[in-house]
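For ligands, and for the atoms within them, numbers begin at 1 and follow the listed sequence.
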Amino acid sequence: MIDLRSDTVTKPTDEMRQAMATAEVGDDVWGDDPTVNRLEQVAAEWLGKEAALFVASGTMGNQVAVMTHCSPGDEVFVEGEAHVYWYEVGGIARLAGAQPRPILTPDGLLTPDLVQASLREENIHYPVPRLLCIENTHNRAGGKVLPLPAYKAVVDKAHERGLKVHLDGARLANAAVAQGISPREAAAGADSVMCCLSKGLCAPVGSVLAGSREFIATARRNRKVLGGGMRQAGILAAAGLIAIERMVERLREDHALAQAIAAALHDVPHVTCDPNKVETNMVQVDLDRPASPVLDALAREGLLCGASGPTRIRLVTHRDASGTRPEEVARAFRAALAG
Ligand SMILES: *Cc1c(COP(=O)(O)O)cnc(C)c1O
């Protein structure tokens, strides 16, 4: 089986398992776990912020960030297909008590003009505009990168209008590698940034949230109320350290494989797949028919992938599928779509 459903399916590397087995641990709720403390220091440095917090998942990191930035009733601006809005179980409303305000874009990419146009003049009727969430790379847009100049312009526009900025960088490392910049450059200016260690970076569990010292102190309380105060979490943090220190550069290989798969799918009948649209580790495949039965047929051909729309299939490349042959993916699609 070739599993291209998501980069979350990656298993911890042998080096990670070794580090986990021998990790020094303590009770992290008491601040006593040396490995978690080291991960938080390394992550803060890596993301260019004063402090960082180890959280159980990307969702927890995003939601803790929104809770920390916002008071109930505040307005949170999100790109219309952002993960924090689509896939986090209504957390903005139910956990922070804040009101999401989607900004519709044609391609997932926020612009300063779109942010400007969605902001309103001060008025007693309106919620207090508080936070802008930016997603990079953009999941539902197919792993698209918001390029650094555009990212900076959006951050500046938000700050100019008094908003805080949270960067959902679940795949920030992919965005950085694709642009040939460091993750800290890719997160510059954001008031907070979340990055998943458990996707292409191969850690078994966990994400990091970074920001100012004061922000992280409050975020730590908000993590606790969500049940995210973990004890000997150094077992997990040990793998997270390897994710940050050793697994970033190899994301290039995932990006190259995604390109090659898109090129191989380009002339498969009944499929629209544009290699020029592949920017990181995701390939979007549009079909001339419903995706769901095709997914079943692909599974029978030995290829697992997911749907990202009624007629759209998404393939995600990652370390554990690095031996995938693009022509084998194309063969599976031809067979699944035959007849
Ligand atoms: C995966 C993802 C998350 C959530 O991460 P989990 O660890 O699955 O909770 C948040 N934002 C984006 C853009 C993602 O792709």
(request) Please identify each residue that fulfils side-chain contact (heavy atoms from CB on, under 4.5 Å) with Asp274, with sequence neighbours left out. (result) Asn276, Lys277
(request) Answer yes or no on whether Arg140 is positioned over the face of Trp86, meaning its NZ or CZ is under 6.0 Å from the six-membered ring centre and within 45° of the axis. (result) yes
(request) Would you please write out the protein residues whose heavy atoms approach any atom of ligand 1 to under 4.0 angstrom, listed by chain and number? (result) Ser57, Gly58, Thr59, Asn62, His83, Glu88, Glu135, Asn139, Asp168, Ala170, Arg171, Met194, Cys196, Lys199
(request) Applying side-chain contact (heavy atoms from CB on, under 4.5 Å), name anything that partners Ala260, two or more places apart in sequence or on another chain. (result) Pro326
(message) Cation-pi check for Phe77 against Arg101: NZ or CZ below 6.0 Å from the six-membered ring centre and within 45 degrees of the axis, yes or no?
(response) no
(message) Do the side chains of Arg319 and Glu253 get close enough for a salt bridge, i.e. N-O under 4.0 angstrom?
(response) no
(message) According to side-chain contact (heavy atoms from CB on, under 4.5 Å), who are the partners of His266, at least two apart in sequence or on a separate chain?
(response) Pro275
